[in-house]
Amino acid sequence: ETGVTQTPRHLVMGMTNKKSLKCEQHLGHNAMYWYKQSAKKPLELMFVYNFKEQTENNSVPSRFSPECPNSSHLFLHLHTLQPEDSALYLCASSGLAGGDTQYFGPGTRLTVL
Amino acid sequence: GQNIDQPTEMTATEGAIVQINCTYQTSGFNGLFWYQQHAGEAPTFLSYNVLDGLEEKGRFSSFLSRSKGYSYLLLKELQMKDSASYLCAVRPNAGNNRKLIWGLGTSLAVNP
C-alpha cells in the first residue's frame, strides 16, 4: 500500500533537537491521524485532522506540534523530546467509505537519545 | 472505561485454521476493524464489520456479534507469511468523531 507515505523512515535525535515528521496521502481522504506505537501498549491516538481542522488532541504534550496545511499533508514537529518518546510514529488517513477505514503509512522509527 | 481484549499470543501450524478472538466493552458501537501488522511495519487493513454475521475475504473471514460484544478473525490455510500481530479496533462513535479504541494485538506464530 503506497497510498500513505511518511518521511523519514528512521530518525535519531537528541533531546535539544528540533525535527519534523512528514506524512502525505494520495487516497483523496479527508481525515488524517498521528499515532504513537510503543512496545506492549495499544496504538495511542495523538491527533486527528478532519478537512484540515484539528478535531482531536489526545492530551499530547506540547513538545509535539502537529500541522495540517491541506487534506493531503500532515506534519509532526518535534522539540525537546524525552527518551520515553522513542517509538514508532504512524500516520493514517481515512475517507467516508467503508466505515471510515484508516490506512496507515510505513511509520517513522524515532529514537531520542 | 473502554476496553478491547485479545489473546496475547497464539501458535498454529502451516496449512491449519486459526481463530483469533476479540471482545470489547465500549461506550457505543459503529464498526469493528481487523488489521495485520508484521514486525517493524505499519498495520494493514484486513476487514470491517458493522452488522452481525460473517464477512469472508479469501483466506480470511471476520465474524461479529454486537449483542455479545464479540468478534473473531478466522485465518484458513495458514502460510508462514501470516506470522504477524493481529489488531482488533472498535469505533465507538459515529459522525466526525473518528477515534478508534485499539486492542494490544495478538501475536500469531505460524510454524512449519
Side-chain angles (χ1 to χ4, degrees), chain A residues 1-7 9-10 21 23 25 27 29-60 87-111, chain B residues 1-9 22-26 28-53 55 57 62 64 66 71 84-107:
Chain A
E1 176 63 59
T2 57
V4 182
T5 58
Q6 289 186 245
T7 55
R9 296 293 308 275
H10 300 272
L21 309 184
C23 175
Q25 61 96 359
L27 300 170
H29 289 162
N30 50 40
M32 296 187 78
Y33 310 73
W34 279 118
Y35 283 94
K36 176 183 178 182
Q37 189 174 37
S38 306
K40 311 290 186 188
K41 290 186 177 180
L43 275 169
E44 298 174 53
L45 180 65
M46 300 175 73
F47 303 103
V48 182
Y49 278 83
N50 203 1
F51 292 101
K52 303 190 300 177
E53 299 298 318
Q54 189 180 120
T55 55
E56 182 96 20
N57 177 338
N58 219 24
S59 303
V60 179
L88 181 67
Y89 288 84
L90 292 162
C91 173
S93 71
S94 70
L96 293 175
D100 204 28
T101 299
Q102 295 180 22
Y103 294 89
F104 286 83
T108 296
R109 174 65 63 183
L110 174 67
T111 303
Chain B
Q2 314 215 70
N3 192 52
I4 300 222
D5 288 312
Q6 309 178 229
T8 304
E9 295 179 342
C22 170
T23 58
Y24 61 90
Q25 302 90 38
T26 54
F29 182 83
N30 281 276
L32 183 143
F33 301 83
W34 284 97
Y35 284 81
Q36 179 191 62
Q37 186 175 25
H38 286 102
E41 298 182 12
T44 56
F45 169 70
L46 290 177
S47 68
Y48 166 66
N49 294 71
V50 66
L51 299 176
D52 290 351
E55 294 278 344
K57 195 185 290 186
S62 56
L64 174 67
R66 288 172 296 170
S71 173
S85 183
Y86 291 86
L87 307 176
C88 175
V90 170
R91 187 179 182 206
N93 302 301
N96 284 332
N97 189 332
R98 295 170 142 167
K99 184 173 182 175
L100 297 180
I101 307 301
W102 291 86
L104 275 169
T106 299
S107 180

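By convention in this document, chain letters (A, B, ...) are assigned in the order of the sequence lines, proteins followed by strands, and residues within each chain are numbered from 1. Remember, it's a predicted structure, so these values are computed and weren't measured experimentally.
Contact annotation for B:Arg91: only side-chain heavy atoms (C-beta onward) come within less than 4.5 Å of a heavy atom of chain A. The part of A:Leu45 that comes within reach of chain B is its side chain, from C-beta onward, which places non-hydrogen atoms under 4.5 angstrom from that chain. For A:Phe51, no part lies under 4.5 angstrom from a heavy atom of chain B. Contact of A:Gln6 with chain B is not made at all, since no heavy-atom distance falls under 4.5 Å. Proximity to chain A (any heavy atom under 4.5 Å) is restricted, for B:Leu87, to the side chain, taken from C-beta onward. Using a 4.5 Å cut-off between heavy atoms, B:Gln6 does not touch chain A at all.
Atom CG of A:Asp100 is separated from atom OH of B:Tyr48 by 8.5 Å, given to the nearest 0.5 angstrom. With rounding to the nearest 0.5 angstrom, the CG atom of B:Leu100 is 6.5 Å from the OH atom of A:Tyr33.
In terms of heavy atoms, B:Trp102 sits closest to A:Gln102 at CZ2-OE1, 4.5 Å. Contact record, A:Gly95 with B:Arg98: O-NH2, 3.9 Å, taken as the closest heavy-atom pair. Residues B:Leu104 and A:Lys41 come closest through the heavy atom pair CD2-C, 3.3 Å. Counting all heavy atoms, side chain and backbone alike, A:Pro106 lies closest to B:Ala42 at CA-CB, 3.8 Å. The minimum heavy-atom distance between A:Leu88 and B:Glu41, with the atom names listed, is CD2-O, 4.4 Å.
A 4.5 Å side-chain heavy-atom check between A:Pro42 and B:Ile4 finds every atom pair outside the cut-off.
A search for ring pair (Phe, Tyr, Trp, His ring centres under 6.0 Å) contacts involving A:Phe47 returns nothing, not counting sequence neighbours. For B:Gln25, the side-chain contact (heavy atoms from CB on, under 4.5 Å) partners at least two apart in sequence or on another chain are B:Asn3, B:Asp5, B:Thr23.
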Apply side-chain contact (heavy atoms from CB on, under 4.5 Å) to the pair A:Phe104 and B:Gln37, showing each step before the final yes or no.
CA-CA 11 Å; A:Phe104 286 83; B:Gln37 186 175 25; over 6 Å; no
